[in-house]
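Down below is the structure, laid out as structure tokens.
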Amino acid sequence: RSVFEILWLIAKISGVAFLGFSSFIYIFKFTHVSRLFIVGVFALSAFFLAVEKVFLILFLRRLRKKGLNARYVLLVGSGLRAQRFMSTLRKRSELGLKIIGIVDEIPDKVGGTIQGYPILGTFKDIPDILKDNPVDHVFFVVPRSFLNKIEWYILHCETVGVSVSVAVDLFELQFTSGKETSMLGFPLITFEITSDKVWQLFFKRCVDVVLSVVGLVLVFPVYLLNALVIKLTSKGPVYF
């Protein structure tokens, strides 16, 4: 998560806690507790919690940029999506993910390199690669047509205790964004056009209301004139 996301999370948690505690104080009439003291406690708590989290994030990112506290990654796939993934990890060294090598389906490519990363073998070599190298995580960034081919290798990673991620950007969608969901025990990838972030929806709703009110005020004289003209020239009510 970014620093902003962490700070926003702390602000929301602190706000909810403050409102809950203030409501408790008000309901049970704890008049001997100073309101200023309550505000100060929650404000300082949120401040020092934010300082702690930001310090830890920056400290860990600095360590990872120096190559410490890293997780070693095996990347399965060498297409354009996989190469984009490699470039992203290289730019985001603070994530602490180091690619030790690549697995490709074409035997002739074994021994070569892509963006400086060695091609260690083909799909059938994955068990030996996991046995001979320190691998913490395997990323499968493969085409849709390969999904049925990688199931056995995912099960093998599960057997030897190596965590796995499968890239699911399988469709070139223009407007929707995918997110992991579940329903009745079934893991799903849901594509939605609307945002799932409450604060964005809340902000949009506020903008809608404010602009609507301003618009109504500006066009009110026109509406008033229309109503007068209708009354003078037509029978029946203005609104029907």
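- The shortest non-hydrogen separation linking Ser2 to Arg61 is CA-NH2, 4.0 Å.
- No side-chain donor-acceptor contact under 3.5 Å links Asn69 to the backbone of Arg64.
- Between Phe24 and Phe28, the ring-plane angle classifies as tilted under the 30° and 60° cut-offs.
- Contact of the Leu74 side chain with the Val162 side chain is not registered, since no non-hydrogen atoms from C-beta on lie closer than 4.5 Å.
- Judged as a side-chain contact (heavy atoms from CB on, under 4.5 Å), and not counting sequence neighbours, the contacts of Ser163 are Arg71, His137.
- When side chains are defined from C-beta on, Phe139 does not count as touching Ile99, because their heavy atoms never get closer than 4.5 Å.
- Atom CZ of Arg35 has 12 or fewer heavy atoms from other residues, nucleotides or ligands within 6.0 Å.
- Among the candidates Val142, Asp104, Ile129, the single residue satisfying the side chain to side chain contact (heavy atoms under 4.5 Å, CB included) test with Val76 is Val142.
- Considering every non-hydrogen atom in both Phe146 and Glu105, the closest pair reads CZ-OE2, 3.0 Å.
- Side chains of Phe140 and Leu147 form no contact here, defined as non-hydrogen atoms less than 4.5 Å apart.
- Proximity of Leu130 to His156: side-chain heavy atoms (C-beta onward) are separated by under 4.5 Å at one or more points.
- Within the 3.5 Å criterion, the main-chain N or O of Ser78 finds a donor-acceptor partner in the side chain of Gln83.
- Around the CG atom of Leu36, the shell of radius 6.0 Å holds no more than 12 heavy atoms that belong to other residues, nucleotides or ligands.
- Ring centroid separation for the pair Phe42 and Phe21 comes in under the 6.0 Å cut-off.
- Around CG of Leu225, the count of heavy atoms belonging to other residues, nucleotides or ligands within 6.0 Å exceeds 12.
- Other residues, nucleotides and ligands contribute at most 12 non-hydrogen atoms within 6.0 Å of the CD atom of Glu151.
- The minimum heavy-atom distance linking Val229 with Thr233 is given by the pair O-OG1, 2.7 Å.
- Between Leu63 and Lys66 the shortest side-chain heavy-atom distance does not fall below 4.5 Å.
- With hydrogens and angles ignored, the 3.5 Å screen pairs no side-chain donor or acceptor of Asn133 with any backbone N or O of Val135.
- Between Leu75 and Ala82, the shortest heavy-atom contact is CD2-O, 3.9 Å.
- With sequence neighbours left out, Lys231 forms a salt bridge (charged side-chain N to carboxylate O under 4.0 Å, His left out) with no residue at all.
- Taking every heavy atom of both residues into account, Phe123 and Ile150 meet most closely at CE2-CG2, 4.0 Å.
- A cation-pi arrangement is not found for Lys204 relative to Phe202, the charged atom failing to lie both closer than 6.0 Å to the ring centre and inside a 45° cone about the ring normal.
- Of all non-hydrogen atoms in Pro134 and Ile100, the two that sit nearest each other are O-CD1, 4.3 Å.
- Side-chain contact check for Phe37 versus Val41: some heavy-atom pair is nearer than 4.5 Å.
- Through chains of ILVMFWY side-chain contacts below 4.5 Å, Ile57 is grouped with Val3, Ile6, Leu7, Ile10, Leu49, Val54, Leu58.
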